[in-house]
Amino acid sequence: ILNVEQSPQSLHVQEGDSTNFTCSFPSSNFYALHWYRWETAKSPEALFVMTLNGDEKKKGRISATLNTKEGYSYLYIKGSQPEDSATYLCASSINTDKLIFGTGTRLQVFP
Amino acid sequence: GAGVSQSPSNKVTEKGKDVELRCDPISGHTALYWYRQRLGQGLEFLIYFQGNSAPDKSGLPSDRFSAERTGESVSTLTIQRTQQEDSAVYLCASRVGLAGGLRSTDTQYFGPGTRLTVL
(Lines give C-alpha, C1' and ligand atoms only; values in the text may rest on other atoms or scores of the structure.)
Protein backbone atom coordinates (compact mmCIF):
# COMPACT_ATOMS: atom_id res chain seq x y z
CA ILE A 1 0.00 0.00 0.00
CA LEU A 2 1.39 3.36 -1.02
CA ASN A 3 1.20 5.93 1.78
CA VAL A 4 1.83 9.55 0.93
CA GLU A 5 2.19 11.98 3.80
CA GLN A 6 2.34 15.75 3.84
CA SER A 7 3.43 18.17 6.52
CA PRO A 8 2.51 20.46 8.00
CA GLN A 9 -1.23 19.96 7.82
CA SER A 10 -1.76 23.73 7.81
CA LEU A 11 0.37 26.82 7.73
CA HIS A 12 -0.31 30.51 8.33
CA VAL A 13 2.25 33.02 7.06
CA GLN A 14 2.47 36.76 6.52
CA GLU A 15 2.58 38.26 3.05
CA GLY A 16 6.19 38.37 1.86
CA ASP A 17 7.33 35.39 3.94
CA SER A 18 8.88 32.44 2.17
CA THR A 19 7.61 29.02 3.12
CA ASN A 20 8.05 25.35 2.34
CA PHE A 21 6.29 22.09 2.96
CA THR A 22 7.09 18.43 2.65
CA CYS A 23 5.69 15.42 0.86
CA SER A 24 7.03 11.98 1.78
CA PHE A 25 6.36 8.78 -0.13
CA PRO A 26 7.72 5.23 -0.31
CA SER A 27 10.90 5.28 -2.40
CA SER A 28 10.55 1.72 -3.70
CA ASN A 29 9.01 1.35 -7.17
CA PHE A 30 8.70 5.13 -7.49
CA TYR A 31 7.43 6.38 -10.82
CA ALA A 32 6.28 10.01 -10.61
CA LEU A 33 5.48 12.71 -8.08
CA HIS A 34 2.82 15.34 -8.77
CA TRP A 35 2.10 18.64 -7.02
CA TYR A 36 -1.30 20.33 -7.29
CA ARG A 37 -2.74 23.55 -5.93
CA TRP A 38 -6.38 23.48 -4.91
CA GLU A 39 -8.11 26.77 -4.23
CA THR A 40 -11.49 26.77 -2.56
CA ALA A 41 -14.39 26.29 -5.01
CA LYS A 42 -12.00 25.71 -7.92
CA SER A 43 -10.47 22.72 -9.69
CA PRO A 44 -7.14 21.36 -8.45
CA GLU A 45 -4.49 22.86 -10.71
CA ALA A 46 -1.39 20.94 -11.70
CA LEU A 47 1.88 22.58 -10.69
CA PHE A 48 4.61 20.04 -11.37
CA VAL A 49 5.23 16.45 -12.42
CA MET A 50 8.62 15.15 -11.36
CA THR A 51 10.24 11.82 -12.14
CA LEU A 52 14.01 12.00 -11.75
CA ASN A 53 16.01 12.00 -8.54
CA GLY A 54 17.39 15.48 -8.00
CA ASP A 55 14.75 17.05 -10.23
CA GLU A 56 14.03 20.67 -9.51
CA LYS A 57 11.16 22.52 -11.14
CA LYS A 58 10.13 26.15 -10.97
CA LYS A 59 6.99 28.10 -11.85
CA GLY A 60 7.19 31.77 -10.94
CA ARG A 61 7.73 32.03 -7.19
CA ILE A 62 6.99 28.34 -6.63
CA SER A 63 9.60 25.63 -6.93
CA ALA A 64 9.87 21.97 -6.00
CA THR A 65 12.64 19.46 -5.48
CA LEU A 66 12.59 15.67 -5.54
CA ASN A 67 14.63 13.04 -3.73
CA THR A 68 13.52 9.60 -4.88
CA LYS A 69 16.17 7.71 -2.92
CA GLU A 70 14.92 8.92 0.44
CA GLY A 71 11.33 9.46 -0.66
CA TYR A 72 10.58 13.13 -0.23
CA SER A 73 9.75 16.27 -2.15
CA TYR A 74 9.77 19.86 -0.98
CA LEU A 75 7.59 22.65 -2.31
CA TYR A 76 8.87 26.19 -1.79
CA ILE A 77 7.02 29.46 -2.16
CA LYS A 78 9.15 32.59 -2.21
CA GLY A 79 7.60 35.86 -1.06
CA SER A 80 4.12 34.45 -0.34
CA GLN A 81 1.15 36.46 -1.55
CA PRO A 82 -2.50 36.23 -0.39
CA GLU A 83 -3.38 34.66 -3.75
CA ASP A 84 -1.10 31.75 -2.87
CA SER A 85 -3.61 30.73 -0.20
CA ALA A 86 -4.78 27.24 -1.15
CA THR A 87 -4.35 23.59 -0.28
CA TYR A 88 -1.23 22.09 -1.82
CA LEU A 89 -1.56 18.41 -2.68
CA CYS A 90 1.14 15.97 -3.61
CA ALA A 91 0.51 12.61 -5.20
CA SER A 92 2.76 9.69 -6.04
CA SER A 93 2.37 6.82 -8.48
CA ILE A 94 4.15 3.46 -8.66
CA ASN A 95 4.14 1.58 -11.94
CA THR A 96 0.50 2.46 -12.57
CA ASP A 97 -1.57 5.30 -13.81
CA LYS A 98 -3.15 5.77 -10.39
CA LEU A 99 -2.17 8.68 -8.19
CA ILE A 100 -2.17 8.29 -4.42
CA PHE A 101 -2.69 11.64 -2.80
CA GLY A 102 -1.55 13.01 0.52
CA THR A 103 -4.00 14.89 2.71
CA GLY A 104 -2.55 18.23 1.66
CA THR A 105 -1.04 21.29 3.30
CA ARG A 106 -3.48 24.15 3.77
CA LEU A 107 -1.67 27.47 3.34
CA GLN A 108 -3.13 30.81 4.40
CA VAL A 109 -1.23 33.98 3.60
CA PHE A 110 -2.28 37.04 5.56
CA PRO A 111 -1.83 40.55 4.08
CA GLY B 1 -9.97 24.80 -24.88
CA ALA B 2 -12.69 23.65 -22.49
CA GLY B 3 -11.59 21.96 -19.32
CA VAL B 4 -13.17 19.10 -17.41
CA SER B 5 -16.72 19.91 -16.40
CA GLN B 6 -18.90 18.29 -13.76
CA SER B 7 -22.55 18.53 -12.89
CA PRO B 8 -24.28 19.27 -10.67
CA SER B 9 -21.92 21.50 -8.71
CA ASN B 10 -23.90 20.85 -5.55
CA LYS B 11 -26.31 18.07 -4.65
CA VAL B 12 -28.27 17.68 -1.45
CA THR B 13 -30.15 14.43 -1.06
CA GLU B 14 -31.88 12.39 1.57
CA LYS B 15 -30.42 9.21 2.98
CA GLY B 16 -31.51 6.22 0.92
CA LYS B 17 -31.97 8.07 -2.37
CA ASP B 18 -29.92 7.36 -5.49
CA VAL B 19 -27.74 10.08 -7.05
CA GLU B 20 -26.00 10.41 -10.38
CA LEU B 21 -22.98 12.62 -10.93
CA ARG B 22 -21.74 13.55 -14.37
CA CYS B 23 -18.28 14.26 -15.76
CA ASP B 24 -17.38 15.65 -19.19
CA PRO B 25 -13.65 15.13 -19.76
CA ILE B 26 -11.39 17.14 -22.02
CA SER B 27 -11.94 16.12 -25.62
CA GLY B 28 -9.36 13.57 -26.74
CA HIS B 29 -8.44 12.43 -23.24
CA THR B 30 -8.68 8.67 -23.10
CA ALA B 31 -8.13 8.29 -19.36
CA LEU B 32 -10.76 9.34 -16.82
CA TYR B 33 -10.69 9.13 -13.04
CA TRP B 34 -13.13 9.61 -10.21
CA TYR B 35 -11.98 10.66 -6.74
CA ARG B 36 -13.69 11.87 -3.62
CA GLN B 37 -12.62 13.92 -0.65
CA ARG B 38 -14.48 13.52 2.58
CA LEU B 39 -14.16 16.14 5.28
CA GLY B 40 -10.69 16.13 6.84
CA GLN B 41 -9.38 13.42 4.54
CA GLY B 42 -7.23 13.27 1.44
CA LEU B 43 -8.33 12.65 -2.12
CA GLU B 44 -9.45 9.05 -2.38
CA PHE B 45 -9.25 7.17 -5.69
CA LEU B 46 -12.53 5.55 -6.75
CA ILE B 47 -12.36 4.30 -10.34
CA TYR B 48 -10.27 4.68 -13.50
CA PHE B 49 -11.23 4.27 -17.15
CA GLN B 50 -8.60 3.93 -19.87
CA GLY B 51 -9.83 3.71 -23.45
CA ASN B 52 -11.65 0.45 -24.12
CA SER B 53 -9.92 -1.46 -21.32
CA ALA B 54 -11.90 -2.81 -18.39
CA PRO B 55 -12.12 -0.09 -15.73
CA ASP B 56 -10.08 -0.28 -12.55
CA LYS B 57 -12.79 -0.34 -9.90
CA SER B 58 -10.49 -1.14 -7.00
CA GLY B 59 -11.25 2.12 -5.15
CA LEU B 60 -15.04 1.85 -5.07
CA PRO B 61 -15.97 1.64 -1.38
CA SER B 62 -19.04 -0.57 -1.76
CA ASP B 63 -21.35 -2.14 -4.32
CA ARG B 64 -23.64 0.87 -3.95
CA PHE B 65 -21.12 2.76 -6.10
CA SER B 66 -20.88 2.24 -9.84
CA ALA B 67 -19.61 4.23 -12.80
CA GLU B 68 -19.95 4.09 -16.54
CA ARG B 69 -18.22 5.77 -19.39
CA THR B 70 -19.52 6.09 -22.92
CA GLY B 71 -16.56 5.52 -25.24
CA GLU B 72 -14.02 8.22 -24.52
CA SER B 73 -16.52 10.86 -23.46
CA VAL B 74 -18.99 11.40 -20.66
CA SER B 75 -18.85 9.42 -17.44
CA THR B 76 -21.49 9.05 -14.76
CA LEU B 77 -20.91 8.00 -11.17
CA THR B 78 -23.98 6.52 -9.52
CA ILE B 79 -24.43 6.08 -5.80
CA GLN B 80 -27.39 3.96 -4.80
CA ARG B 81 -29.15 4.15 -1.42
CA THR B 82 -26.95 7.03 -0.28
CA GLN B 83 -25.63 7.09 3.27
CA GLN B 84 -24.43 10.05 5.32
CA GLU B 85 -20.83 8.83 5.03
CA ASP B 86 -21.11 9.32 1.25
CA SER B 87 -21.12 13.09 1.81
CA ALA B 88 -18.00 14.40 0.07
CA VAL B 89 -16.68 16.40 -2.84
CA TYR B 90 -16.56 14.09 -5.86
CA LEU B 91 -13.88 15.04 -8.36
CA CYS B 92 -13.38 13.86 -11.91
CA ALA B 93 -10.08 14.10 -13.76
CA SER B 94 -8.98 13.26 -17.28
CA ARG B 95 -5.61 12.64 -18.86
CA VAL B 96 -4.32 12.22 -22.41
CA GLY B 97 -3.32 8.66 -21.59
CA LEU B 98 -1.49 6.07 -23.62
CA ALA B 99 -2.81 2.98 -25.33
CA GLY B 100 -1.88 -0.49 -24.16
CA GLY B 101 -1.64 0.34 -20.47
CA LEU B 102 1.75 1.99 -20.80
CA ARG B 103 2.83 4.18 -17.95
CA SER B 104 2.47 7.89 -18.38
CA THR B 105 3.51 10.97 -16.50
CA ASP B 106 0.81 12.99 -18.17
CA THR B 107 -0.90 15.45 -15.90
CA GLN B 108 -4.41 14.76 -14.68
CA TYR B 109 -6.76 17.69 -15.26
CA PHE B 110 -9.47 18.05 -12.68
CA GLY B 111 -13.01 19.31 -12.84
CA PRO B 112 -14.43 21.62 -10.19
CA GLY B 113 -16.15 18.79 -8.36
CA THR B 114 -19.64 17.97 -7.14
CA ARG B 115 -20.30 18.62 -3.46
CA LEU B 116 -22.66 15.89 -2.28
CA THR B 117 -24.48 16.27 1.01
CA VAL B 118 -26.55 13.37 2.30
CA LEU B 119 -28.98 14.40 5.04
Side-chain angles (χ1 to χ4, degrees), chain A residues 1-10 21-26 29-53 55 57 59 62 64 66 68 73 86-106, chain B residues 2-6 9-10 23-26 29-51 53-60 88-115:
Chain A
I1 295 175
L2 178 60
N3 198 28
V4 177
E5 295 181 354
Q6 291 186 247
S7 62
Q9 192 171 34
S10 65
F21 12 98
T22 306
C23 172
S24 62
F25 52 89
N29 296 321
F30 170 82
Y31 184 69
L33 192 284
H34 299 240
W35 280 101
Y36 285 84
R37 174 171 59 199
W38 192 4
E39 293 180 66
T40 303
K42 294 187 178 179
S43 308
E45 172 199 357
L47 291 174
F48 306 113
V49 180
M50 307 169 79
T51 57
L52 299 176
N53 185 47
D55 236 358
K57 299 228 172 172
K59 186 176 183 180
I62 303 176
L66 179 67
T68 61
S73 175
T87 296
Y88 290 82
L89 298 169
C90 75
S92 185
S93 58
I94 49 167
N95 302 327
T96 71
D97 297 314
K98 244 181 329 191
L99 295 182
I100 307 299
F101 283 84
T103 52
T105 292
R106 187 183 179 95
Chain B
V4 178
S5 61
Q6 292 186 245
S9 55
N10 278 287
C23 172
D24 284 87
I26 293 172
H29 282 194
T30 61
L32 186 146
Y33 302 78
W34 283 98
Y35 297 88
R36 72 175 177 181
Q37 185 178 43
R38 291 186 287 181
L39 193 63
Q41 300 186 20
L43 271 177
E44 178 187 1
F45 165 79
L46 298 177
I47 188 168
Y48 161 49
F49 295 90
Q50 170 61 63
S53 303
D56 177 350
K57 303 179 182 181
S58 60
L60 294 178
V89 175
Y90 288 81
L91 284 167
C92 174
S94 71
R95 177 175 63 77
V96 170
L98 291 174
L102 296 176
R103 295 180 297 172
S104 169
T105 57
D106 290 342
T107 297
Q108 293 187 20
Y109 295 88
F110 283 85
T114 294
R115 181 175 296 277

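Letters go in sequence order (proteins before strands), and every chain restarts at 1. We use all heavy atoms of the structure for the numbers below, so side chains are in, but hydrogens, waters and symmetry mates are not.
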query: Just how far is it from atom CZ of B:Arg95 to atom CG of A:Leu99, taken to the nearest 0.5 Å?
result: 8.5 Å

Non-hydrogen atoms of A:Ser43 and B:Pro112 that approach each other most closely: OG-N, 3.1 Å

- prompt: Using non-hydrogen atoms only, which part of A:Tyr36 is less than 4.5 Å away from chain B: side chain, backbone, both, or neither?
  reply: side chain

4.5 Å side-chain heavy-atom contact, B:Leu91 and A:Pro44: yes

- prompt: What part of B:Ser58 gets closer than 4.5 Å to chain A, counting heavy atoms only: side chain, backbone, both or neither?
  reply: side chain

- request: Determine the minimum heavy-atom distance between B:Tyr33 and A:Lys98, stating which atoms define it.
  value: CE2-CA, 4.5 Å

query: Considering residues, nucleotides and ligands other than A:Glu39, do more than 12 of their heavy atoms fall under 6.0 Å from its CD?
result: yes

query: Okay, side chain of A:Thr103, backbone of B:Gly42: is any donor-acceptor separation there less than 3.5 Å?
result: no

field: More than 12 heavy atoms of other groups within 6.0 Å of B:Tyr90 OH
entry: yes

- prompt: Say you draw a straight line from CZ of A:Phe101 to CD of B:Gln108; how long is it, rounded to the nearest 0.5 Å?
  reply: 6.0 Å

